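Everything below concerns the one structure shown next.
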Amino acid sequence: MNLKNKISNPIFQIISEAASEIDTKAFVIGGFVRDLIIERKSKDIDIVAEGSGIELARQVASKLGKHTHVSVFKNFGTAMLKYQGEETWEIEFVGARKESYNRNSRKPIVENGTLEDDQNRRDFTINAIAISLQQNNFGDIIDPFDGIGDIKRKTIKTPLNPDITYSDDPLRMMRAIRFATQLSFDIDTESFDSIIKNKNRIKIISFERIIIELNKIILSKTPSQGFTLLKKSGLLDIIFPELTALQGTQYVGGKGHKDNFYHTLQVLDNLSQKTDNLWLRWAAIFHDIGKPKSKKYDQKIGWTFHTHEVIGSNMVPKLFRKLRLPLNEKMKYVRKLVFLHHRPQVLANDGVTDSAVRRLLFDAGNEVDDLMTLCESDITSKNEKKVKHFQNNFKLVRKKMKEIEEKDRIRNWQPPVSGEIIMNTFDITPSKEVGIIKNAIREAILDGIIPNEYENAFKFMLEEGKKLGLKHKKK
């Protein structure tokens with residue numbers, strides 16, 4: 001099989017000529033080749049050389065011109081450059097190598113090797129396919145493990161014994177599940193059994209590396225596929241037990257509750273059809289995380305999860321820290337959505353009042369649209385009548401929010417009377433009274449007692465000050 005027609009971009013011919021000039025052999029390998037066969041877009045090209053990858057990168061750069069910069073990573077024996085054609089590609093060069101592993105580390109002992117050695121060390125057969133860039137057989141496929149066959153069969157399989165592959169580098173277990181999820185492939189039975197057998201080896205991998213793979217699963221088209229595989233393999237119990245704690249149903253007196261683990265996965269899938277926002281997807285994962293700690297059985301109404309949104313939002317910072325997720329505005333965003341996710345549902349249940357919608361707009365701020373998308377995705381009932389009822393109510397909530405936002409400008413709103421105005425008006429210093437008056441003004445506007453305007457707010461402030469025994473300092 002020859003893919004010469006599929007690598008017609010001039011960069012491949014330039015690499016071929018550069019390799020010939022320094023008397024080395026070069027091959028395209030890995031994900032770029034896999035995606036080329038699948039007809040999936042890829043902007044990262046991996047080149048393996050039977051010799052020095054760094055030297056080949058420098059030779060290619062010299063042919064491309066003096067403005068081409070090569071980034072060299074001597075510790076890893078790799079080099080990278082950017083090629084600007086019709087689109088920008090990142091090209092990484094590495095020398096062919098063979099690897100051996102110490103059981104307590106995923107860092108291999110590396111030696112120079114041949115293309116065959118390099119293909120043997122690859123994680124999966126679909127990533128071990130190479131294309132020759134030699135002038136005499138330019139475009140020829142080198143596929144010793146039938147990776148093309150596995151692409152046709154939609155199968156994730158290791159080139160060598162999976163026990164060795166996964167034990168040597170346990171992160172490959174996460175990558176197997178990630179590729180299966182992204183590509184909608186199945187994991188070979190022997191390979192999946194090996195993941196189950198070697199699952200505890202994941203403990204030697206840092207959460208920083210694990211979370212990269214987990215985020216890619218979350219950003220896939222149907223992330224529930226990945227989480228289901230992580231659960232079946234036992235990996236999820238090790239890396240994220242707080243999520244698997246949601247699994248299961250319990251019955252008392254014939255009354256049961258839904259399985260909150262699979263409900264969460266359904267919410268995540270629903271949301272993934274509407275947005276690629278990674279952090280909104282994380283909010284979906286966390287939205288019910290407080291339910292195991294809040295679960296109670298009430299003889300009259302059955303199972304309850306009161307305050308689960310409060311418990312869940314308090315768990316978010318700890319879980320972000322544990323999972324090595326960023327402890328910045330992204331964490332605050334997720335925490336806020338978890339805390340508020342029940343509010344629109346309550347509005348949908350109890351009827352929509354101006355005051356309640358006004359408060360939701362105030363508390364949610366810029367995140368209110370994302371919050372509504374999360375809540376709409378949280379409808380997972382199989383009762384079509386119930387689903388339609390909630391969908392219609394959420395439409396009503398959105399309509400009411402738009403009307404009130406246009407009228408009252410509440411989103412990210414600050415009361416029209418500031419603390420400084422209060423202090424100047426009553427000739428007082430910062431004190432408890434200032435806070436009492438500010439809160440009273442805010443509540444009056446949110447409750448619709450006074451409009452969101454300075455003049456009305458100022459008059460209300462004078463009345464509240466009078467109640468507290470403060471005197472208006474007139475100019």
Side-chain angles (χ1 to χ4, degrees), residues 1-7 12 26-48 89-92 94 96-99 106 108 113-133 139-195 198 209 212-217 219-223 225-226 228-230 233 235:
M1 185 175 181
N2 188 287
L3 293 182
K4 185 175 182 178
N5 62 322
K6 289 201 172 188
I7 53 169
F12 296 107
F27 307 86
V28 193
I29 197 166
F32 181 84
V33 180
R34 177 199 68 225
D35 290 344
L36 200 66
I37 295 166
I38 294 173
E39 295 185 346
R40 183 172 177 244
K41 271 200 167 186
S42 179
K43 292 184 179 179
D44 298 329
I45 303 173
D46 290 330
I47 302 293
V48 65
W89 284 352
E90 285 196 350
I91 309 173
E92 184 171 355
V94 64
R97 59 194 187 185
K98 53 185 175 181
E99 298 174 343
R106 68 177 291 268
T114 62
L115 173 66
E116 183 183 356
D117 293 324
D118 206 88
Q119 289 176 304
N120 286 341
R121 73 176 183 84
R122 297 279 161 172
D123 50 7
F124 308 112
T125 59
I126 62 172
N127 294 335
I129 309 166
I131 301 174
S132 172
L133 294 182
D140 275 4
I141 285 283
I142 302 103
D143 183 19
F145 305 110
D146 192 25
I148 292 174
D150 285 332
I151 286 174
K152 290 175 181 176
R153 289 183 288 271
K154 296 191 170 185
T155 300
I156 304 295
K157 187 177 180 182
T158 59
L160 305 176
N161 183 330
D163 285 340
I164 296 171
T165 299
Y166 294 136
S167 182
D168 280 351
D169 184 354
L171 188 64
R172 289 169 175 164
M173 297 186 288
M174 293 288 300
R175 285 170 58 81
I177 291 171
R178 188 253 289 183
F179 281 124
T181 308
Q182 286 181 325
L183 302 173
S184 293
F185 280 22
D186 292 319
I187 299 176
D188 171 73
T189 301
E190 183 186 358
S191 190
F192 194 73
D193 288 344
S194 180
I195 292 175
N198 288 282
R209 299 304 301 271
I212 290 171
E213 298 300 324
L214 198 57
N215 278 340
K216 289 177 181 178
I217 290 170
L219 283 172
S220 64
K221 186 179 178 182
T222 312
Q225 293 177 1
T228 301
L229 289 170
L230 286 170
S233 68
L235 287 170

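Heavy atoms only: backbone and side chains are in, while hydrogens, waters and symmetry mates are out. All figures in this text were calculated on a predicted structure; none of them were measured in a lab.
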May I ask you to decide if Glu190's main-chain N or O and Ser194's side chain share a donor-acceptor pair within less than 3.5 Å?
no

Is it true that atom NZ of Lys6 has more than 12 heavy atoms of other residues, nucleotides or ligands lying nearer than 6.0 Å?
yes

Residue that, paired with Asp123, satisfies salt bridge (Lys or Arg N to Asp or Glu O under 4.0 Å) out of Arg178, Arg175, Arg172
Arg175

For Phe185, enumerate each residue passing the ring pair (Phe, Tyr, Trp, His ring centres under 6.0 Å) test, keeping only those at least two apart in sequence or located in another chain.
none

Check ion pair Asp117-Arg121 (N to O, under 4.0 angstrom)
no

Can you name the side chain to side chain contact (heavy atoms under 4.5 Å, CB included) partners of Ser184, sequence neighbours left out?
Gln225

Do the ring planes of Phe124 and Tyr166 sit parallel (below 30°), tilted (30 to 60°) or perpendicular (above 60°)?
tilted

Answer whether the closest heavy-atom distance between the side chains of Leu36 and Ile7 falls below 4.5 Å.
yes

If we count only N and O atoms by modelled type, under 3.5 Å, do the side chains of Asn127 and Arg34 hold a donor and an acceptor together?
yes

Smallest heavy-atom separation, Ile131 atom then Ile142 atom, equals C-CD1, 4.3 Å

Any Ile29 side-chain heavy atom under 4.5 Å of Ile47 side chain:
no

Main-chain N/O of Ile187 paired to Ser191 side chain as donor or acceptor, under 3.5 Å:
no

Hey, are Asp146 and Arg153 close enough for a salt bridge, meaning a charged N less than 4.0 Å from a carboxylate O?
yes

Test your reading of the model: is there a side-chain donor-acceptor pair from Gln119 to the backbone of Ala128, 3.5 Å cut-off?
yes

Donor on one side chain, acceptor on other, Ser167 and Asp163, under 3.5 Å
no

For Asp35 and Arg40: C-alpha separation, side-chain torsions, deciding distance, then whether salt bridge (Lys or Arg N to Asp or Glu O under 4.0 Å) applies.
CA-CA 5 Å; Asp35 290 344; Arg40 183 172 177 244; 3.1 Å; yes

Any luck finding a side-chain donor-acceptor pair between Thr155 and Asp186 under 3.5 Å?
no

For Thr222, side-chain hydrogen bond (donor to acceptor under 3.5 Å, both in side chains) partners two or more places apart
none

